[in-house]
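Written below as structure tokens is the structure these notes are about.
Keep in mind that the numbers below use all heavy atoms, side chains included, and drop hydrogens, waters and symmetry copies. Along the sequence shown, the residues carry numbers beginning at 1. The structure displayed is predicted, hence computed values, not measured ones.
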Amino acid sequence: DQRLWQQHRDDLLNPAPEILTFGELRTREFTTPYFVRPVCEQKAFGGQVIETSDLAPLYQSRKGLVRVLPDDLVVAVAPVVAGLRAEYRFVVLDGRARLGSRYRLDGVLSLSDAVPPEVWAQANRLARHWLPAPFIVMDVALLADGTARLIEFNSVHSSGLYAIRGEDFAALVTEAHHTRDTAACQ
């Protein structure tokens with residue numbers, strides 16, 4: 001829940017989004033682009049930038065299906081942050097970024113499994129702080145000044161992998177499962 005992240009993290013890209021219901025969002029008139037995402041991890045739609053008050057993109061799934069979005073769905077709305085150089089997705093296990101992929105470069109979809117060492121270092125710095133779960137997906141923004149900010153957390157069972165190899169992800173899921181089984185038996 002994004003409201004919980006705000007209590008525990010001071011490194012969020014959008015540290016103070018407005019929290020409102022989807023019904024309230026539908027009645028708003030926006031004059032500048034804004035970022036919107038569901039507040040809870042079980043996402044009704046993927047977080048995205050909306051250019052106008054037209055919410056049609058939120059109703060479309062990646063497979064072109066139309067979603068039903070209830071008026072009581074709680075969402076976070078924030079101004080678009082200028083100066084984002086790149087966005088990365090990391091799979092974190094026990095406070096360590098283990099798998100990663102770039103998914104956006106200069107605002108354009110750009111998939112690559114080549115994550116620079118300095119970005120890995122920043123992701124691991126972010127992963128050493130409070131996390132909502134020991135096995136989690138963490139999206140990170142690299143800003144024009146070279147600093148990294150946490151975009152959001154996502155659950156591992158509902159996140160796209162972008163350029164992360166499926167075999168590597170499956171191996172990490174197995175490792176996470178075995179780690180938890182072993183800990184439970186001690």
Side-chain angles (χ1 to χ4, degrees), residues 1-20 25 28-39 41 43 45-58 60 62 75-93 95-133 136-156 158-165 168-169:
D1 185 314
Q2 184 155 354
R3 295 166 289 198
L4 189 59
W5 310 345
Q6 290 172 249
Q7 294 172 17
H8 293 278
R9 303 291 301 226
D10 63 0
D11 49 12
L12 295 168
L13 181 64
N14 292 305
E18 183 178 6
I19 306 296
L20 44 120
L25 178 64
R28 289 282 183 88
E29 288 293 325
F30 290 92
T31 57
T32 59
Y34 59 96
F35 179 79
V36 61
R37 75 175 305 281
V39 166
E41 287 179 37
K43 289 182 159 185
F45 60 87
Q48 58 194 281
V49 172
I50 301 295
E51 299 290 334
T52 66
S53 293
D54 179 13
L55 300 177
L58 300 179
Q60 296 293 319
R62 288 187 180 146
V75 297
V77 178
V80 172
V81 176
L84 272 91
R85 192 166 74 207
E87 296 175 46
Y88 296 86
R89 171 155 291 171
F90 294 95
V91 182
V92 175
L93 177 60
R96 226 174 98 226
R98 300 284 300 275
L99 302 172
S101 166
R102 185 186 67 222
Y103 63 89
R104 198 174 310 268
L105 184 62
D106 295 322
V108 177
L109 183 66
S110 174
L111 305 182
S112 175
D113 63 354
V115 177
E118 63 274 11
V119 176
W120 276 108
Q122 293 207 52
N124 276 301
R125 180 185 54 77
L126 292 168
R128 283 192 294 269
H129 297 284
W130 179 89
L131 299 169
I136 196 85
V137 170
M138 177 179 76
D139 288 353
V140 174
L142 184 63
L143 303 178
D145 66 3
T147 59
R149 290 299 213 194
L150 178 63
I151 298 172
E152 65 181 354
F153 293 109
N154 293 292
S155 57
V156 293
S158 64
S159 297
L161 297 178
Y162 296 118
I164 295 170
R165 289 173 12 113
D168 295 341
F169 181 74

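Between Arg128 and Asn124, the closest side-chain pair of non-hydrogen atoms falls below 4.5 Å. Residues Phe90 and Val137 are not in side-chain contact: their nearest non-hydrogen atoms beyond the backbone lie 4.5 Å or more apart. Looking only at side-chain heavy atoms (C-beta outward), Phe35 and Val77 stay at 4.5 Å or farther from each other. Residues Pro132 and Phe153 meet the side-chain proximity criterion, which asks for heavy atoms closer than 4.5 Å. Side-chain atoms of Arg28 and Phe30, non-hydrogen and from C-beta on, do get closer than 4.5 Å to each other. The shortest side-chain heavy-atom distance between Tyr103 and Leu161 does not fall under the 4.5 Å cut-off. Within the 4.5 Å cutoff, side-chain heavy atoms of Leu58 are placed close to those of Val36. Counting heavy atoms from C-beta outward, Trp130 and Leu4 have side chains that approach closer than 4.5 Å.
Contact between Leu84 and Ala141 at its shortest, heavy atoms only, is CD2-CB, 3.7 Å. Shortest non-hydrogen contact noted between Arg37 and Phe45 is CA-CE1, 3.9 Å. Closest heavy-atom contact between Pro116 and Tyr88: CD-OH, 3.7 Å. The heavy-atom pair separating Pro33 from Glu51 by the smallest distance is CG-OE1, 3.4 Å. Of all heavy-atom pairs between Ala148 and Val140, the closest is CB-CG1, 3.8 Å. When all heavy atoms of Ala144 and Arg85 are compared, the closest pair comes out as O-NH1, 3.6 Å.
A distance of 7.0 Å separates OG of Ser159 from CG of Asp139, quoted to the nearest 0.5 Å. Note: Leu55 CG to Ile50 CD1 = 6.0 Å, rounded to the nearest 0.5 Å.
Formation of a donor-acceptor pair under 3.5 Å by the Glu87 side chain with backbone atoms of Arg102 is not found in this model. Thr147 contributes no side-chain N or O that, together with a main-chain N or O of Leu143, makes up a donor-acceptor pair within less than 3.5 Å. Remark: the backbone N or O of Leu150 is not paired with any side-chain donor or acceptor of Asp11 at under 3.5 angstrom. Formation of a donor-acceptor pair under 3.5 Å by the Gln122 side chain with backbone atoms of Leu142 is not found in this model. The backbone N or O of Gly46 lies less than 3.5 Å from a partner atom in the side chain of Gln48, making a donor-acceptor pair. In this structure, the side chain of Arg9 engages the main chain of Leu126 through a donor-acceptor pair within 3.5 Å. Within the 3.5 Å criterion, the main-chain N or O of Ala163 finds a donor-acceptor partner in the side chain of Ser101.
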Next on the checklist: Pair Thr32, Val80 - check side chain to side chain contact (heavy atoms under 4.5 Å, CB included), show working.
Outcome noted: CA-CA 9 Å; Thr32 59; Val80 172; over 6 Å; no

Checklist entry - Going through the distances and angles, do Val91 and Arg98 end up as a side chain to side chain contact (heavy atoms under 4.5 Å, CB included)? => result CA-CA 6 Å; Val91 182; Arg98 300 284 300 275; 5.6 Å; no

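Geometrically, Arg89 does not engage Tyr162 in a cation-pi contact defined by less than 6.0 Å to the ring centre and at most 45° from the axis.
Of the candidates Leu12, Val75, Val39, Val39 is the only one forming a side chain to side chain contact (heavy atoms under 4.5 Å, CB included) with Gln2.
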